[in-house]
Amino acid sequence: MIIMSLKALRTHFTGEINPEADNGQTVTLSGWAHEIRDLGGITFLVLRDRTGRAQVTILKKKVDPELLETVKRMSRESVITVTGTIKAEPKAPNGYELMPESITVVTVAESPLPMDTTGKVDAELDTRLDNRFMDLRREEQTAVFVIRDTVQAAIRDFFRENKFVETTTSKIVAAATEGGTDLFPISYFDREAFLNQSPQLFKQMLMSAGLDRVYEIGPIFRAEEHDTRKHLNEATSIDIEMSFADHEDVMELLENMIVYIYEQVVEKCQKSLAVLEKELQIPKLPFNKYTYEQVLDIINNEIPEIEDKMQFGDDIGTQAEHLFGEYVFNKTGESHYFIIDWPTETKPFYAMPYEDRPEISKSFDMMHRMMELSSGAQRIHQYDLLVERIEAKGLNPDGFDFYLKPFRFGMPPHAGFGVGAERLIMTMLELDNIREAVLFPRDRKRLSP
RNA sequence: GUCCAGAUAGUGUAGGGGACUAUCAUGGGGCCCUGUCGAGGCCCCGACCCGGGUCCGAAUCCCGGUCUGGACGCCA
């Protein structure tokens with residue numbers, strides 16, 4: 001069942017009203033006073049809620065003068081409740097207007113407002129984030145998070161359908177184990193602890209636990225002092241791990257997940273997409289795959305903008321990543337693709353090396369033409385090899401007891417990946433800045449709100 | 001972390017030694033207006049990031065600070 005609002009405050013959302021079917025009906029709407037346009041004999045009050053806007057039309061000659069006074073004194077962005085009759089009206093936005101019987105100001109909004117909500121005057125991202133509660137009242141911002149809700153619901157549908165168990169693992173960990181990134185230290189009673197950079201090690205332990213297929217959508221924390229449009233210090237990771245599977249299996253799972261998400265958003269979010277003026281192109285299956293060495297080859301031979309020749313083992317820098325993404329897009333028309341078979345040395349210790357060519361690993365990155373969206377691999381499930389790889393990375397296996405023990409008592413072969421949820425939203429909706437995909441972003445400089 | 005750019009009413013901007021009593025829009029206040037939908041018209045209100053310096057004179061030039069945006073690095 002759906003829990004309804006108190007009838008005195010809301011019988012409908014604005015978006016639920018059908019001009020023809022509901023014509024003549026008395027309804028109660030609650031929301032914010034978006035705009036008030038006083039033309040003299042006629043005054044238009046625009047009420048906004050999560051689903052859209054409704055025009056309340058007040059005719060001077062036909063309403064109680066006190067009601068008109070209430071509207072004239074009302075400040076923009078005050079919370080209001082309006083009860084009135086629906087009138088189908090082609091001249092009104094959305095094809096209907098509300099002829100009010102009563103209008104109540106529930107809470108008064110102060111003036112001036114910290115930013116404009118109507119789209120008339122831009123605000124800088126910093127101003128918007130400082131006043132995020134008000135920024136989110138703008139329909140474009142509401143749309144992003146309505147779509148994000150659909151994305152997260154689609155992910156849950158998809159994995160449940162594929163027999164995955166949703167898990168939640170601890171975000172507080174004892175040691176900076178995985179390497180590769182800086183962690184946030186925190187105080188844990190009388191000990192030092194850290195905010196977890198990734199659920200990776202927990203997911204793998206759950207493979208030994210026999211849960212077989214797990215996924216988690218949760219926060220990850222990185223203390224990197226980067227300052228870019230595509231980095232956050234607190235991000236949301238869509239993390240999965242799958243037993244009795246290899247990297248090829250999870251790549252297939254991943255590309256199918258992405259396509260399912262896009263399909264669901266196209267199916268369920270037309271209104272929000274229209275607000276954002278976006279038409280989604282659903283990626284084609286299967287995604288194109290390029291080996292790391294093919295990528296180097298193409299960069300070295302077909303992308304003259306990169307002057308320094310790349311060698312095996314080099315990282316693919318931002319410029320090369322962008323140019324290669326463009327190259328793939330021009331060639332195939334697709335934004336998403338895989339880079340596979342990375343050098344073992346550039347990937348984390350748990351990535352499985354190929355038996356016949358141990359210098360490369362059964363690893364992959366799933367790319368959007370603008371950035372990396374996901375990375376994954378078949379994992380090492382053999383205890384001795386894992387210890388060897390930990391040591392080869394210059395890490396001390398003694399710090400990994402809790403993680404290594406399951407590998408000594410029955411660990412199935414397994415593979416998995418992690419996807420940056422914000423990057424997925426950002427690339428899908430072509431947002432300029434990843435912060436727009438997070439309600440309350442945490443970056444190098446921002447700790448509130 | 002490196003490099004580049006920037007900070008002017010609540011918001012977004014113009015102005016780069018004197019004409020600045022600082023532009024425009026939005027907003028707020030007032031008046032007029034019965035079909036607005038970025039409503040319109042008239043009047044009013046509201047700002048040069050902080051600290052030093054140069055100069056007869058600084059929003060404007062110089063130095064330091066703080067904050068912000070972007071690119072790169074590192075990373076997802």
Side-chain angles (χ1 to χ4, degrees), chain A residues 34-46 48 53-63 68 72-73 75-77 87 89-95 97 99 109-131 134-135 138 178-183 197-200 219-239 315-322 346-348 364-368 370-376 417-424 426-427 432-435 437 443-446:
Chain A
H34 185 69
E35 274 192 296
I36 301 144
R37 278 193 283 272
D38 178 2
L39 275 66
I42 188 167
T43 299
F44 300 104
L45 164 65
V46 179
R48 187 194 64 243
R53 298 179 209 158
Q55 174 170 286
V56 181
T57 302
I58 302 118
L59 293 165
K60 192 175 181 179
K61 287 184 181 163
K62 295 197 176 171
V63 301
L68 189 60
K72 284 192 169 172
R73 278 201 311 268
S75 58
R76 287 163 66 236
E77 296 301 324
K87 184 181 156 203
E89 172 55 71
K91 278 186 281 189
N94 307 320
E97 58 193 6
M99 309 309 289
E110 287 178 24
S111 156
L113 299 170
M115 57 174 284
D116 170 59
T117 57
T118 64
K120 287 178 199 165
V121 187
D122 288 340
E124 289 192 6
L125 185 59
D126 201 49
T127 305
R128 291 171 43 204
L129 293 176
D130 281 342
N131 301 285
M134 186 151 286
D135 181 46
R138 297 163 64 228
E178 202 180 322
T181 190
D182 292 324
L183 302 194
Q197 69 182 97
S198 148
Q200 182 61 30
I220 56 170
F221 303 91
R222 309 269 163 113
E224 299 287 339
E225 297 196 5
H226 36 225
D227 221 339
T228 76
R229 295 182 302 162
K230 61 179 184 183
H231 292 276
L232 292 164
N233 292 297
E234 179 183 25
T236 308
S237 176
I238 303 155
D239 248 283
D315 279 325
I316 299 172
T318 305
Q319 192 199 6
E321 183 181 292
H322 288 170
T346 66
K347 284 290 171 184
F364 59 87
D365 281 2
M366 198 272 285
M367 311 293 296
H368 179 275
M370 289 311 296
M371 70 190 74
E372 179 183 338
L373 291 186
S374 171
S375 65
F417 59 75
V419 178
E422 288 80 12
R423 287 187 173 191
L424 180 62
M426 178 187 182
T427 52
D432 290 334
N433 195 307
I434 198 165
R435 292 162 181 81
D443 61 38
R444 171 98 175 81
K445 290 162 185 166
R446 182 171 292 279

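In the text below, chain A, chain B and the rest are named by the order of the sequence lines, each starting its count at 1. No hydrogens, no waters, no symmetry mates; every other heavy atom, side chains included, goes into these values.
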With salt bridge (charged side-chain N to carboxylate O under 4.0 Å, His left out) as the criterion, how do A/Lys347 and A/Asp365 come out once you've worked through the C-alpha distance, each side chain's angles and the decisive distance to 0.1 Å?
CA-CA 10 Å; A/Lys347 284 290 171 184; A/Asp365 281 2; 2.7 Å; yes
Where do A/Arg229 and A/Asp443 land on the salt bridge (charged side-chain N to carboxylate O under 4.0 Å, His left out) test, with the steps shown first?
CA-CA 10 Å; A/Arg229 295 182 302 162; A/Asp443 61 38; over 6 Å; no
If you apply the rule salt bridge (charged side-chain N to carboxylate O under 4.0 Å, His left out), what do you find for A/Asp116 with A/Arg138, and how did you get there?
CA-CA 9 Å; A/Asp116 170 59; A/Arg138 297 163 64 228; over 6 Å; no
Let's go through A/Arg48 and A/Val46 carefully: what are the C-alpha distance in whole Å and the side-chain angles of both, what is the deciding distance for side chain to side chain contact (heavy atoms under 4.5 Å, CB included) to 0.1 Å, and is it a yes or a no?
CA-CA 6 Å; A/Arg48 187 194 64 243; A/Val46 179; 5.6 Å; no
Write down the protein N/O and nucleotide N/O pairs, taken from nucleotides 69-71 of chain B, whose separation is under 3.5 Å; answer none if there are no such pairs.
residue : atom : partner  : partner atom : Å
B/rG70  : OP1  : A/Asn433 : ND2          : 3.1
B/rA71  : OP1  : A/Arg229 : NE           : 2.7
B/rA71  : OP1  : A/Arg229 : NH2          : 2.8

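A/Leu113 places its CG atom 10 Å from the P atom of B/rG29, with the value rounded to the nearest Å. A/Met99 has its CE atom 13 Å from the C1' atom of B/rU36, to the nearest Å. Nucleotide B/rG30 holds its C1' atom 12 Å from the CG atom of A/Asp38, rounded to whole Å. With rounding to whole Å, A/Met426 atom CE is found 19 Å from B/rC75 atom P. Following rounding to the nearest Å, A/His34 (NE2) and B/rU36 (C1') show an atom-to-atom distance of 13 Å. Taking atom NZ on A/Lys347 and atom C1' on B/rC75, their separation rounds to 11 Å, with Å as the unit. Between the C1' atom of B/rU2 and the CD atom of A/Gln319 lies a distance of 17 Å, rounded to the nearest Å. With rounding to whole Å, A/Leu183 atom CG is found 14 Å from B/rC75 atom P.
Taking 4.0 angstrom as the limit, A/Arg37 places none of its side-chain polar atoms (N or O) nearer than this to OP1 or OP2 of B/rG40. When the side-chain nitrogen and oxygen atoms of A/Arg444 are compared with OP1 and OP2 of B/rG1, one or more of them lie within a distance under 4.0 Å. Using a 4.0 Å cut-off, some side-chain N or O of A/Lys120 falls inside it from OP1 or OP2 of B/rA39.
Take the nearest nucleotide of RNA chain B for A/Thr57 and for A/Ile220: the residue whose nucleotide is more 5' is A/Thr57. Along RNA chain B, the nucleotide nearest A/Lys61 and the nucleotide nearest A/Pro93 are compared for position; the residue whose nucleotide lies closer to the 5' end is A/Lys61.
Under the Watson-Crick or G-U wobble criterion, with both distances below 3.5 Å, B/rG38 is left unpaired in every strand shown. Remark: B/rC49 base-pairs with B/rG65; criterion is Watson-Crick or G-U wobble with both hydrogen-bond distances under 3.5 Å. In this entry B/rA9 has no Watson-Crick or G-U wobble partner, no candidate having both defining distances under 3.5 Å. Within the shown strands, B/rG18 is the pairing partner of B/rC56 under the Watson-Crick or G-U definition, both distances less than 3.5 Å. Judged by Watson-Crick or G-U wobble contacts below 3.5 Å, the nucleotide B/rA71 has B/rU2 as its partner.
Nearest nucleotide to the side chain of A/His226, out of B/rC33, B/rG73, B/rG27: B/rG73. With B/rC75, B/rG12, B/rC33 as the choices, the nucleotide that has an atom nearest any side-chain atom of A/His231 turns out to be B/rC75. For A/Pro112, the listed nucleotide lying nearest its side chain is B/rG10; candidates were B/rG35, B/rU26, B/rG10. Proximity note for A/Arg76 (side chain, C-beta onward) versus B/rG35, B/rC74, B/rG28: the nearest is B/rG28. Which of B/rA39, B/rC74, B/rG12 sits closest to the side chain of A/Glu35 comes down to B/rA39.
Between the side chain of A/Glu110 and the base of B/rG10 there is no donor-acceptor pair of N/O atoms closer than 3.5 Å.
Atoms CE and NZ, from A/Met426 and A/Lys230 in turn, are 8.5 Å apart once rounded to the nearest 0.5 Å.
As judged by a 4.0 angstrom heavy-atom cut-off over every strand, A/Gly317 is placed among residues touching the sugar-phosphate backbone only. In this structure, A/Gly420 reaches neither bases nor backbone, as no heavy-atom distance under 4.0 Å exists between it and the strands shown. At the heavy-atom level, A/Glu77 lies nowhere under 4.0 Å from the strands shown.
Nucleotides B/rC63 and B/rC20, compared at atom P, are 29 Å apart to the nearest Å. If you take atom C1' in B/rA22 and the same atom in B/rU8, they sit 9 Å apart, rounded to whole Å. Atom name P, nucleotides B/rG1 and B/rG40: the rounded distance is 48 Å, in whole Å. B/rC48 and B/rG6 have their C1' atoms separated by 14 Å, with the value rounded to a whole Å. Separation of the C1' atoms belonging to B/rA7 and B/rU60 is 14 Å when rounded to the nearest angstrom. Straight-line distance between the C1' atoms of B/rU21 and B/rA47: roughly 14 Å, to the nearest whole Å. B/rC67 and B/rC31 have their P atoms separated by 46 Å, with the value rounded to a whole Å. Taking the C1' atoms as reference points, B/rG57 lies 13 Å from B/rC61, given to the whole Å.
Within the 4.5 Å cutoff, side-chain heavy atoms of A/Arg128 are placed close to those of A/Met115. The shortest distance between side-chain heavy atoms of A/Met370 and A/His322 falls below 4.5 Å.
For the residue pair A/Thr118/A/Glu35, the side-chain donor-acceptor check at 3.5 Å is not satisfied. Side-chain atoms of A/Ser75 and A/Glu110 form no donor-acceptor pair, as typed in the model, at a separation below 3.5 Å.
Among all heavy-atom pairs drawn from A/Asp130 and A/Arg446, the shortest one is OD1-NH1, 3.0 Å.
Classified by its glycosidic torsion, B/rG52 falls in the anti category, the angle being over 90° from 0.
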